[in-house]
K.L.:
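Here it is, the structure in full.
This is a predicted model, so every value here is computed, not measured.
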Amino acid sequence: MPIYAFSCAGCGSFDVTRAVAEAGAPAACPRCGAGARRVFTPPGLALLATPVRGLLDREEKSGHEPEVVAHKTGRPLPHRHDPAPPWVLSH
């Protein structure tokens with residue numbers, strides 16, 4: 001079952017485990033019993049592999065802070081080693 005975060009004005013935040021069908025239902029603070037509002041949090045992506053997490057962080061950063069590139073990086077594309085130019089048809 002998913003865990004939902006709620007915030008009480010007097011006591012602070014707390015988590016509630018409930019079914020997805022009950023996600024929008026109000027929750028009472030476990031300390032004081034007052035009504036609490038749901039706090040929307042980002043999904044838990046901590047379980048991703050380190051390289052995948054790094055790529056997602058890089059992709060997110062590049063959306064609003066693109067890097068200025070001064071030189072090419074990466075491997076060159078493979079070249080053809082045919083003796084004839086590519087526009088010549090051979091048999």
K.L.:
Considering only heavy atoms from C-beta outward, does the side chain of Cys32 approach that of Cys8 to under 4.5 Å?
P.N.:
yes
K.L.:
Output the distance between atom CD1 (Ile3) and atom CG (Asp15), rounded to the nearest 0.5 Å.
P.N.:
6.0 Å
K.L.:
Does Phe6 share a hydrophobic cluster with Met1, counting links as ILVMFWY side-chain heavy atoms below 4.5 Å and allowing steps through other members?
P.N.:
no
K.L.:
Are the side chains of Pro2 and Val20 in contact, using a 4.5 Å heavy-atom criterion?
P.N.:
yes
K.L.:
Please find the pair of heavy atoms, one from Ala25 and one from Arg18, that lie closest to each other, and give the distance.
P.N.:
O-NH1, 2.6 Å
K.L.:
Could you tell me the separation between the CZ atom of Phe14 and the OH atom of Tyr4, rounded to the nearest 0.5 Å?
P.N.:
14.5 Å
K.L.:
Can you measure from CZ (Arg37) to SG (Cys29) and round to the nearest 0.5 angstrom?
P.N.:
13.5 Å
